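First the structure, in the form of structure tokens, and then the observations on it.
None of these values were measured; they are calculated from a predicted model. To find a chain, count down the sequence lines: A is the first, B the second, and so on, and within it residues start at 1.
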Amino acid sequence: MESNNQEEHTVEEVLFRIRHSAAHVLAQAVLEMRPGSTLGFGPPILDGFYYDFILNKPLTEEDFPELERRMKKIMKRGQRFDHEELDAEAALARIDEMDEPYKREYGAELIEKNGLKSLSFYRNGPFVDMCEGPHVKTTKDIPRDAFKLRRVAGAYWRGDSDNVMMTRIYAWAFADKAALDDHLARWEAAQARDHKKLGRELGIFVIDNQVGRGLPLWLPNGTVIRDEIEKLAREMEFKAGYQRVSTPHLAKRDLYYQSGHLPYYVNDMYPAMEVLERVPDAADDGSGDGAEETQGSARVVKEAYCLRPMNCPHHHRIFATEPRSYRDLPLRLAEYGQVYRFEDSGGVSGLLRVRGMCMNDAHIYCTEEQIKDEFKAVMKLYEQAFRTFGMDDYTLRLSKWDPEDPKGKDKYVDNPEAWEKSERLITEVLEELGLDYVEAKGEAAFYGPKIDIQLVTVTGREESVSTVQLDFAVPERMGLKYTGSDGEEHTPYCIHRAPFSTHERFVALLIEHFGGAFPTWLAPLQVELITISEHFDDYAKGIVQRLRNRMVRAELARSNDTVPKKIRQGVTRKIPNLLIVGEREQADGTVTLRRYGEREQHTMTIDAFEAALMESIETRSLEFLLPRS
RNA sequence: GCUCACAUAGCUCAGAUGGUAGAGCACUUCCUUGGUAAGGAAGAGGUCAUCGGUUCGAAUCCGAUUGUGAGCACCA
């Protein structure tokens with residue numbers, strides 16, 4: 001796998017040229033099939049390319065075979081890519097000639113805003129595109145058997161939902177057929193790990209539309225996994241000095257006005273539940289102002305409740321229940337709290353994007369001097385958590401505010417000084433811990449900067465899993481105070497953190513991470529007993545009971561099936577440990593272990609198995625530690 | 001929310017051009033008591049997502065609604 005940088009760069013550049021050129025060929029073929037259509041952007045991407053169009057008649061995936069045929073024909077012709085650089089005036093004239101309004105918009109912007117003196121065009125055969133290049137020499141240099149049209153989707157012009165929606169055609173493209181085939185095989189293997197698919201197959205969760213979109217029902221197997229994660233989180237938090245609290249799923253709407261959440265969140269919240277009160281006629285002046293008229297009386301909103309979109313205000317109220325001293329800080333309040341967010345319908349998906357979720361939440365109230373140490377402790381907690389699951393393929397993202405964002409006033413608390421200070425503190429934490437991270441401008445919470453842990457799902461989407469956020473704004477809005485050593489009142493800082501994310505998102509990622517084959521400590525069913533025949537059921541039942549007495553999730557496979565079938569079903573269910581028992585085992589007081597994913601079997605005494613099993617569960621081992629024979 | 005596609009048994013899917021449904025797995029019963037990835041037989045299971053329209057007749061054609069998937073936007 002060793003390769004020097006120069007070589008790698010060359011390979012990447014070749015791929016870039018191929019994909020970029022193939023995109024032109026796609027556009028060319030689309031214009032053949034749909035003359036008069038308009039072009040958007042058509043860049044190379046990670047595994048291929050796409051091109052955006054305004055089509056005058058829709059294209060669907062059914063048109064792909066013909067589109068691919070036309071593309072191959074163009075490639076066969078070996079049209080030369082000719083580069084042409086036109087000065088601003090000539091360039092705009094050229095685009096007008098092409099009658100491409102979106103290219104025109106972009107070209108004009110490049111000239112006016114970016115101050116380009118000239119624009120670059122590429123022509124191959126009859127097709128001209130405004131484009132920076134570079135390209136391959138001729139269309140023959142695009143391998144005809146290494147691309148595949150993938151999907152048609154909608155995409156807003158320039159990624160702005162206020163703009164027109166274009167039709168985007170995605171394609172895979174590689175340097176040769178082997179690379180494409182390899183990619184397709186990988187992609188299919190990834191689809192098999194999709195948490196939505198495995199979640200159903202393994203009985204982890206269902207989403208029932210009589211209950212509601214984005215509101216998962218956790219089945220018994222999924223609930224076991226949640227419970228195990230929660231147990232781990234509680235242990236880690238207890239050791240780290242957290243205290244647990246428990247608060248309701250809703251609160252009066254006014255609480256969110258006071259916390260300042262409402263203006264930022266109103267679109268993400270379920271509509272408030274309003275409790276109406278009947279008032280006499282006289283009270284209604286007929287204006288209908290907040291009142292609803294019903295025969296002879298009017299109803300006014302007496303109180304309104306919101307399903308909470310976050311737990312913090314509840315915890316803040318707990319902080320406020322008694323006078324706090326600096327000696328009480330840091331105060332760490334933890335709760336697995338259920339929250340509800342009215343996610344846009346198009347975004348809801350499986351367990352990764354839901355409308356009801358249970359968050360591994362905690363709020364750490366501390367002084368300014370304590371921020372860095374608390375942040376560091378939280379970062380270590382993450383690291384430990386992720387290591388436990390063997391997850392190391394993630395990136396840290398330092399999410400900052402964007403002072404230049406035109407919508408900034410609606411997105412962020414307006415306090416530049418506090419933003420700068422808190423971002424500096426967090427940056428120092430990352431630097432002092434020696435952690436690699438990327439910065440993301442404009443991704444901060446409204447109340448402060450944060451560090452997010454970003455994971456890539458099997459379907460290739462990047463998701464935030466865990467988050468640690470520094471909040472310099474809300475405690476003040478909530479009027480939280482503590483008495484400092486100086487005898488004066490001060491406002492605490494608040495650190496919001498969720499190392500285990502939400503159960504929904506975390507379990508989804510764990511399913512994909514383990515491909516549904518969970519380590520023993522996490523597996524819904526840890527041990528299944530398989531008897532050679534019914535005669536050994538009593539022996540097996542004794543073992544099941546013995547394991548259950550130690551809180552091991554063990555079951556006896558039903559005896560009517562043949563041994564090969566029971567094994568097949570156990571493997572299909574991805575049970576980590578199958579124990580086969582028959583005459584030999586009964587006679588010797590042993591069990592024969594067949595581990596998931598292994599064909600080799602290990603016969604050992606019940607005692608030895610139990611000891612090894614308990615060891616791997618208690619240490620939350622990713623492997624099963626076989627006893628030494 | 002937007003674009004496109006899709007919706008048939010618990011699951012995975014088949015059902016050209018309109019004539020009211022089929023397989024495998026799972027499930028139930030019986031036979032089988034079998035040493036490492038599917039033993040055999042029988043049975044039960046469907047208002048073809050919902051509502052409306054076209055038609056003598058709709059799973060099939062049209063429309064709306066709901067849901068799902070892939071993208072786009074959003075993602076505190």
Side-chain angles (χ1 to χ4, degrees), chain A residues 40 50 52-55 58-63 150-170 191 194 196-197 200-201 203 206-210 212-214 260-269 309-310 312 339 341-350 352-354 359 399 411-412 443-448 450 452 459-464 467 469 471 474 496 498 505 530-537 559-573 578-585 592-594 596 598-601 603:
Chain A
Y50 68 77
D52 290 342
F53 307 91
I54 305 266
L55 299 170
L59 282 168
T60 71
E61 277 152 50
E62 281 173 26
D63 298 308
R150 190 183 167 191
R151 193 149 280 138
V152 18
Y156 296 108
W157 166 240
R158 310 203 70 177
D160 186 335
S161 57
D162 291 335
N163 288 341
V164 66
M165 176 148 292
M166 303 182 125
T167 303
R168 174 172 296 180
I169 296 177
Y170 280 99
Q191 296 308 107
D194 186 301
K196 297 189 286 294
K197 179 178 147 70
R200 157 148 285 295
E201 288 173 3
V206 293
I207 294 177
D208 180 308
N209 58 41
Q210 289 203 50
R213 179 184 247 191
H261 282 98
L262 211 50
Y264 300 101
Y265 266 93
V266 68
N267 292 325
D268 299 311
M269 290 168 70
M310 75 290 295
C312 6
V339 300
R341 294 178 185 182
F342 198 72
E343 191 82 24
D344 281 338
S345 58
V348 174
S349 169
L352 277 169
R353 299 290 292 276
V354 290
M359 190 180 273
S399 296
K411 277 173 79 175
Y412 309 113
E443 295 292 337
F446 77 84
Y447 44 65
K450 56 179 180 156
D452 295 320
T459 46
R461 226 194 309 254
E462 188 183 71
E463 295 283 0
S464 294
T467 183
Q469 315 178 342
D471 178 351
V474 179
H496 308 240
R505 190 162 279 194
I530 291 174
T531 52
I532 299 300
S533 88
E534 247 171 52
H535 306 307
F536 314 105
D537 277 10
S559 54
N560 215 21
D561 293 317
T562 58
V563 174
K565 179 151 183 178
K566 285 189 272 198
I567 289 181
R568 180 183 160 80
Q569 288 184 334
V571 173
T572 305
R573 289 165 68 195
L578 300 180
L579 288 187
I580 290 92
V581 296
E583 200 172 355
R584 297 198 291 267
E585 287 80 3
T592 294
L593 170 66
R594 179 183 167 132
Y596 180 80
E598 292 175 20
R599 277 175 181 262
E600 199 187 342
Q601 334 154 36
T603 300

Protein and nucleotides 39-45 of chain B: nitrogen or oxygen contacts under 3.5 angstrom:
| residue | atom | partner | partner atom | Å |
| --- | --- | --- | --- | --- |
| B/G39 | OP1 | A/Thr562 | OG1 | 3.4 |
| B/G39 | OP2 | A/Thr562 | OG1 | 2.9 |

Exercise. B/U36 P sits how many Å from A/Arg584 CZ, rounded?
Worked result: 9 Å
For this session: Report which part of the nucleic acid A/Thr592 touches: base, sugar-phosphate, or nothing (heavy-atom distance under 4.0 Å, all strands).
Result: base
For this session: For B/C11 and B/G18, measure between their P atoms and round to the nearest Å.
Result: 29 Å
Seminar exercise, completed: Here the distance between atom P of B/G71 and atom CG of A/Asn163, to the nearest Å, is 22 Å
Exercise. When the C1' atoms of B/G15 and B/C56 are considered, how many whole Å apart are they?
Worked result: 24 Å
For this session: Go through B/A70, B/A26, B/C74 for me and flag the one nearest to the A/Arg353 side chain.
Result: B/C74
Exercise. Of the non-hydrogen atoms in A/Ser349 and A/Lys196, which two are nearest, and what is the gap between them?
Worked result: OG-NZ, 3.9 Å
Problem set entry | d(CZ, A/Phe342; C1', B/C75) in whole Å | 15 Å
For this session: Report which part of the nucleic acid A/Ser559 touches: base, sugar-phosphate, or nothing (heavy-atom distance under 4.0 Å, all strands).
Result: base
Exercise. Counting just side-chain N and O atoms, does A/Arg599 come under 4.0 Å of either OP1 or OP2 of B/A37?
Worked result: yes
Exercise. In the 5'-to-3' direction, what one-character label does each nucleotide of nucleotides 1-7 of chain B receive under the scheme B = base within less than 4.0 Å of a protein heavy atom, S = sugar-phosphate only, - = no such atom?
Worked result: BBB-S--
Seminar exercise, completed: A/Tyr265 meets the ring-ring contact (aromatic ring centres under 6.0 Å, His included) criterion, sequence neighbours left out, with A/His261
Seminar exercise, completed: Separation between CG (A/Asp344) and CG (A/Asp268), nearest 0.5 Å, reads 7.5 Å
Exercise. Can you tell me how far C1' in B/A7 sits from the matching atom in B/U65, rounded to whole Å?
Worked result: 13 Å
For this session: Report yes or no: does A/Arg505 contribute a side-chain atom to a donor-acceptor pair with the main-chain N or O of A/Leu352 at less than 3.5 Å?
Result: yes
Exercise. Across the strands shown, which category fits A/Glu585 at heavy-atom distances under 4.0 angstrom: base, sugar-phosphate, nothing?
Worked result: base
Exercise. Between B/G46 and B/A23, how far is it from one C1' atom to the other, in whole Å?
Worked result: 14 Å
Problem set entry | Which residues share a ring-ring contact (aromatic ring centres under 6.0 Å, His included) with A/Tyr170, sequence neighbours left out | A/Tyr50
Exercise. Can any side-chain N or O of A/Gln569 pair as donor or acceptor with the backbone N or O of A/Lys566 at less than 3.5 Å?
Worked result: no
Problem set entry | B/U60 and B/C51, which share atom name P, separated by this distance in whole Å | 13 Å
For this session: Could you tell me whether A/Arg168 contacts a base, only the sugar-phosphate backbone, or nothing, with contacts defined as non-hydrogen atoms closer than 4.0 Å?
Result: sugar-phosphate
Exercise. Atom CD of A/Glu463 and atom C1' of B/C75: how far apart are they, to the nearest Å?
Worked result: 8 Å
For this session: Could you state the atom-to-atom distance from CZ of A/Arg573 to P of B/A38 in whole Å?
Result: 17 Å
For this session: Can you tell me the distance, in whole Å, between the CG atom of A/Asn209 and the C1' atom of B/A49?
Result: 8 Å
Exercise. Between atom CZ of A/Arg168 and atom CZ of A/Phe53, what is the distance when rounded to the nearest 0.5 Å?
Worked result: 11.0 Å
Problem set entry | Separation between the C1' atoms of B/A14 and B/G1, rounded to whole Å | 36 Å
Exercise. Looking at B/A37, B/G69, B/G35, which one has an atom nearest to any side-chain atom of A/Arg568?
Worked result: B/A37
Problem set entry | A/Lys196 side-chain N/O to B/A70 phosphate OP1/OP2 under 4.0 Å | yes
For this session: Could you check whether A/Lys450 gets within reach of a base, just the sugar-phosphate, or nothing at all, counting any heavy atom under 4.0 Å?
Result: sugar-phosphate
Exercise. Picking from B/A37, B/G69, B/G71, which would you name as closest to the side chain of A/Tyr170?
Worked result: B/G71
For this session: Considering only atom C1', compute the distance from B/U8 to B/C4 and round it to an integer number of Å.
Result: 22 Å
For this session: Starting from P on B/C72, measure out to CG on A/Asp162 and report it in whole angstrom.
Result: 18 Å
Problem set entry | Crowding at CD, A/Glu598 (>12 non-hydrogen neighbours, <6.0 Å) | yes
Exercise. Does B/A26 have OP1 or OP2 sitting under 4.0 Å from an N or O in the side chain of A/Gln569?
Worked result: yes
Problem set entry | Integer angstrom distance from the P of B/A38 to that of B/U20 | 39 Å
Taking only N/O atoms, report every protein-nucleotides 8-18 of chain B pair under 3.5 Å with atom names and distance.
none

For this session: Could you check how far CZ of A/Arg461 sits from C1' of B/A73, rounded to whole Å?
Result: 13 Å
For this session: Could you check whether A/His261 gets within reach of a base, just the sugar-phosphate, or nothing at all, counting any heavy atom under 4.0 Å?
Result: nothing
Problem set entry | Side-chain donor-acceptor pair present, A/Gln469, A/Thr467, cut-off under 3.5 Å | yes
Problem set entry | Sugar-phosphate, base or nothing in reach of A/Gly159, heavy atoms under 4.0 Å | sugar-phosphate
Problem set entry | Expected output: side-chain A/Asp194 to main-chain A/Gln191 donor-acceptor under 3.5 Å | no
Exercise. Between which residue ranges does RNA chain B form stems of three or more consecutive Watson-Crick or G-U wobble pairs, both distances under 3.5 Å?
Worked result: B:1-7 with B:66-72, B:10-13 with B:22-25, B:27-31 with B:39-43, B:49-53 with B:61-65
